[in-house]
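Note that the numbering runs from 1 along the sequence shown for the chain. Computed from a prediction, not measured in an experiment: that's the story for all the values here. When a ligand or atom number is given, it counts from 1 through the structure's own listing order.
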Amino acid sequence: MAQKIVFSGIQPSGSPQLGNYLGALRNWVALQEDYSCRYCIVDMHSITVRQSPAALEKNARDLLAFLISAGLDYKKHILYAQSHVRAHAQLAWILSCFTYMGELSRMTQFKDKSQKHEDNINAGLFTYPVLMAADILLFGTELVPIGEDQTQHLELSRTIAARFNNLYGDVFKVPEAYITRTGTRVMGLQEPTRKMSKSDDPASANVVYLLDEPKSILNKFKRAVTDSDNTVRFAPEEKPGISNLINIYSAVTGKDFTDIEKEFEGAGYGKFKTAVAEAVISELEPIIKKYNEIRADAAFLDDILKEGAQKADAAAEDIMRKAQKAVGFISL
Ligand code: TRP
């Protein structure tokens, strides 16, 4: 039986951080065992917020090198940049004609981002979920690994797919979300009630970047905001800082919360923080080693991107053509 198709995307805005790794990338690697995966660096989504062009390109290459180092199998699966595959923009246009302003206005991410970027509420920011729907629907995707913050967008993708199919027959597969387990929702180290985000201030100790020096990782964990009762206990409401650290430690070591509580009974926060940092550093070590080997090899990375774009192009062709035919574009 043919393997189910998985699609997911990650933005190259900012440097990849621990939340991306534990919340998404590790899961992407695991899914490769059982599914046929398309993983996309969604640079077209990134420009909905103003980027420095040089930084965007650098970040995208860093991210590609990181994804490969973390174990994405670009030979067996498809790894590519969104902007290299025309079908994303082509299908997004078609789908935008089947998406209502009202639906897009209700997207909480749009509301948040337009508040955050008041000076640049562009049309792309508004139609962002349509492009995301195109990404997914192009490939006959069945499963979409995403974080909780993207479920509303996925729900809209499903609505658009079903609407289109209703009008024109079965062109698209209606995708399902594959929600990463909540255990790997990583919060900021300085603001443990908010998700760790690579768009946060890079100078703050809130975010652990995957390419941080081990020394800096250790420092950030040591400075992590906690509470004053000095017991390592999982209680997200009451003790968001410590609970976040327990979560991270659990994700990295595979130990469960009660074992961690026992392990650090009476140990105090200082010792625990160091243990978390060390566990994270040793998890990242082999990845960083590989990253340092390949990051400078521009030709190697370019070849992967070229091959990925070709494979994605070919994989998208059939559905793209069906969608164009469905709406009545001249077929040749
Ligand atoms: N919007 C997603 C995010 O910011 C990234 C993304 C773009 C994506 N296209 C996608 C995720 C398609 C899953 C499927 O996290």
Side-chain angles (χ1 to χ4, degrees), residues 4-28 31 35-49 51 56 59-60 63-64 67 72 77-85 87-92 95-96 99 104 107-114 116-117 124-161 172-180 184-186 194-200 308 312 315-316 319:
K4 284 193 180 173
I5 292 173
V6 161
F7 182 97
S8 200
I10 181 166
Q11 293 199 40
S13 30
S15 290
Q17 42 86 6
L18 189 64
N20 300 128
Y21 178 69
L22 294 178
L25 301 186
R26 256 185 5 163
N27 195 38
W28 288 17
L31 288 168
Y35 301 100
S36 176
C37 304
R38 288 95 180 87
Y39 293 133
C40 185
I41 296 175
V42 291
D43 47 3
M44 289 161 68
H45 277 104
S46 291
I47 65 165
T48 57
V49 171
Q51 305 285 336
L56 182 64
N59 287 334
L63 181 58
L64 175 70
L67 294 174
L72 290 198
H77 300 273
I78 308 181
L79 176 60
Y80 70 106
Q82 190 183 31
S83 61
H84 292 162
V85 176
H88 288 274
Q90 290 178 306
L91 186 61
L95 297 182
S96 73
T99 309
L104 293 173
M107 295 292 119
T108 55
Q109 185 178 296
F110 172 69
K111 291 188 227 170
D112 291 350
K113 285 200 179 171
S114 24
K116 231 168 123 184
H117 305 278
L125 196 63
F126 190 62
T127 57
Y128 177 116
V130 180
L131 179 59
M132 181 163 158
D135 299 342
I136 297 167
L137 299 180
L138 264 181
F139 296 100
T141 304
E142 286 176 78
L143 283 181
V144 187
I146 40 167
E148 276 161 307
D149 62 322
Q150 296 296 315
T151 51
Q152 199 185 23
H153 289 162
L154 187 82
E155 209 36 60
L156 183 60
S157 303
R158 291 166 51 86
T159 303
I160 298 169
F172 300 122
K173 270 239 158 68
V174 180
E176 305 276 342
Y178 184 98
I179 308 286
T180 17
T184 45
R185 188 174 150 85
V186 176
R194 278 189 37 226
K195 197 173 125 169
M196 186 179 282
S197 162
K198 61 189 161 193
S199 42
D200 288 344
I319 291 180

- Honestly, for Ile10 the part within reach of ligand 1 (heavy atoms, under 4.0 Å) is neither
- Would you mind telling me if ligand 1 is within reach of the side chain of Asp149, the backbone, both or neither, using heavy atoms under 4.0 Å? neither
- Task: Please determine if Gln150 has a nitrogen or oxygen closer than 3.5 Å to a nitrogen or oxygen of ligand 1.
- Result: yes
- Note on the structure: Looking only at protein heavy atoms, what sits closest to atom 4 (O) of ligand 1 is Tyr128 OH, 3.0 Å
- Item | Arg185 side chain reached by Leu22 side chain, heavy atoms, under 4.5 Å | no
- Task: Verify whether the ring centers belonging to Tyr80 and His88 lie closer than 6.0 Å.
- Result: yes
- Query: With atoms numbered from 1 as shown, which atoms in ligand 1 lie under 4.0 angstrom from a non-hydrogen atom of His45?
  - Reply: 7 (C), 9 (N)
- Between the side chain of Arg158 and the main-chain N/O of Pro175, is any donor-acceptor distance below 3.5 Å? yes
- Do the side chains of Gln17 and Met196 get nearer than 4.5 Å, heavy atoms only? yes
- Message: So for atom CD1, which belongs to Ile47, do other residues, nucleotides or ligands contribute more than 12 heavy atoms lying within a distance under 6.0 Å?
- Response: no
- Message: Give the atom numbers and elements of ligand 1 that come within less than 4.0 Å of a heavy atom of Ile136.
- Response: 12 (C), 14 (C)
- Item | Donor-acceptor contact present, side-chain Thr141 to main-chain Ile136, <3.5 Å | yes
- Query: Among all protein non-hydrogen atoms, which one is nearest to atom 5 (C) of ligand 1, and what is the separation to 0.1 Å?
  - Reply: Gly9 O, 3.6 Å
- Query: Quick one: are the ring centres of Tyr128 and His153 less than 6.0 Å apart?
  - Reply: yes
- Look at atom 12 (C) of ligand 1 and say which protein heavy atom is nearest, naming residue and atom and giving the distance to 0.1 Å. Phe7 CE2, 3.4 Å
- Message: Any non-hydrogen side-chain atom of Asn20 less than 4.5 Å from a side-chain atom of Val186?
- Response: no
- Task: Report the part of Ile146 (side chain from C-beta onward, or backbone N, CA, C, O) that has a heavy atom under 4.0 Å from ligand 1; answer both or neither where that applies.
- Result: side chain
- Do the non-hydrogen side-chain atoms of Leu72 and Trp28 ever get within less than 4.5 Å of each other? yes
- Item | Nearest protein heavy atom with distance in Å, relative to atom 9 (N) of ligand 1 | Asp135 OD2, 2.7 Å
- protein heavy-atom neighbour closest to atom 10 (C) of ligand 1 works out as Met132 CG, 3.5 Å
- Using a strict cut-off of 4.0 Å, indicate which atoms of ligand 1 neighbour a heavy atom of Val144. 13 (C), 14 (C)
- Numbering as shown, the atoms of ligand 1 that approach Gln11 to under 4.0 Å (heavy-atom distance): 4 (O)
